[in-house]
Amino acid sequence: MPRTLRLVSDLVLAQSAAEVAGIGLRTELVPGMRGFLILVVGVQVLCALRVQRFSPVATLGLFVLQATTVLAGLTSHASLLLRAGLVGSAATVLVVLSRSLKYYPEPDLRLPDRSHR
């Protein structure tokens, strides 16, 4: 496995731990919403772990979730330091993950043989 994918996974795991802690401290959210947001962060962790196995679905999912994290960080009302850390880590994941796409195997896009009908 390339070191870049390991870096992505480690960074997402650290970021997710911080996100869960931040979500847990947000008292203005009802418990159901906090639970849902923590569940979404859990999906992000699963995607990060599956990226290590070159899963295209997990990679796409991680791209979407990290792009959402960038947007959430830009529009958040948290302190500037927290927002910068969140946006910076998510942007780093997006850049490193996109640079790691060259390690993924080429997809087989051949049409199935339909001569045996």
Side-chain angles (χ1 to χ4, degrees):
M1 172 181 47
R3 288 189 334 221
T4 53
L5 290 180
R6 181 69 180 172
L7 173 68
V8 163
S9 294
D10 291 345
L11 189 55
V12 170
L13 292 176
Q15 176 190 10
S16 298
E19 286 178 346
V20 167
I23 291 168
L25 295 174
R26 293 188 60 184
T27 58
E28 74 275 10
L29 297 176
V30 296
M33 179 58 97
R34 281 192 299 234
F36 175 75
L37 290 173
I38 290 172
L39 182 67
V40 170
V41 173
V43 170
Q44 180 173 271
V45 168
L46 290 176
C47 287
L49 295 174
R50 293 293 297 171
V51 159
Q52 294 181 6
R53 296 183 180 179
F54 300 104
S55 168
V57 173
T59 303
L60 178 61
L62 197 55
F63 269 117
V64 170
L65 290 166
Q66 290 297 299
T68 304
T69 301
V70 168
L71 291 176
L74 292 174
T75 60
S76 173
H77 298 295
S79 72
L80 182 60
L81 183 62
L82 289 175
R83 290 186 305 168
L86 187 63
V87 170
S89 67
T92 301
V93 168
L94 288 171
V95 169
V96 173
L97 189 58
S98 65
R99 293 188 48 81
S100 300
L101 291 177
K102 63 185 173 188
Y103 298 115
Y104 281 70
E106 289 289 323
D108 184 16
L109 300 176
R110 292 177 294 178
L111 292 173
D113 183 20
R114 297 183 183 239
S115 62
H116 295 62
R117 286 192 169 217

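The basis for the numbers below is simple: all heavy atoms, side chains too, and nothing from hydrogens, waters or symmetry mates. Note that the structure is a prediction, hence the values are computed from the model and not measured.
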Counting distance only, does the side-chain N/O of S9 pair as donor-acceptor with the main-chain N or O of A48 below 3.5 Å?
yes
Is a side-chain N or O of R34 found less than 3.5 angstrom from the main chain of R26, in a donor-acceptor match?
yes
List, by chain and then residue number, the residues other than V41 in its hydrophobic cluster (Ile/Leu/Val/Met/Phe/Trp/Tyr, side-chain heavy atoms under 4.5 Å); write none if there are no others.
V20, I23, L29, V30, M33, F36, L37, I38, V40, V43, L65
Is there side-chain contact between [X] and [Y], with at least one heavy-atom pair below 4.5 Å?
X: L97; Y: Q66; answer: no
X: T59; Y: L101; answer: yes
X: L5; Y: V96; answer: no
X: F63; Y: V51; answer: no

Please report the interatomic distance [atom1]([X]) to [atom2]([Y]), rounded to the nearest 0.5 Å.
X: L81; Y: L86; atom1: CG; atom2: CG; answer: 11.5 Å
X: R6; Y: L11; atom1: CZ; atom2: CG; answer: 12.5 Å
X: Q44; Y: L13; atom1: CD; atom2: CG; answer: 9.0 Å

List for me each residue that meets side chain to side chain donor-acceptor pair (under 3.5 Å) alongside S100, sequence neighbours excluded, and say none if there are none.
T4
Distance-minimising heavy-atom pair for T92 and G88
OG1-O, 2.7 Å
Smallest separation among heavy atoms of A90 and T69, with atom names:
CB-CG2, 3.8 Å
Over 12 non-hydrogen atoms of neighbours within 6.0 angstrom of CZ in R83
yes
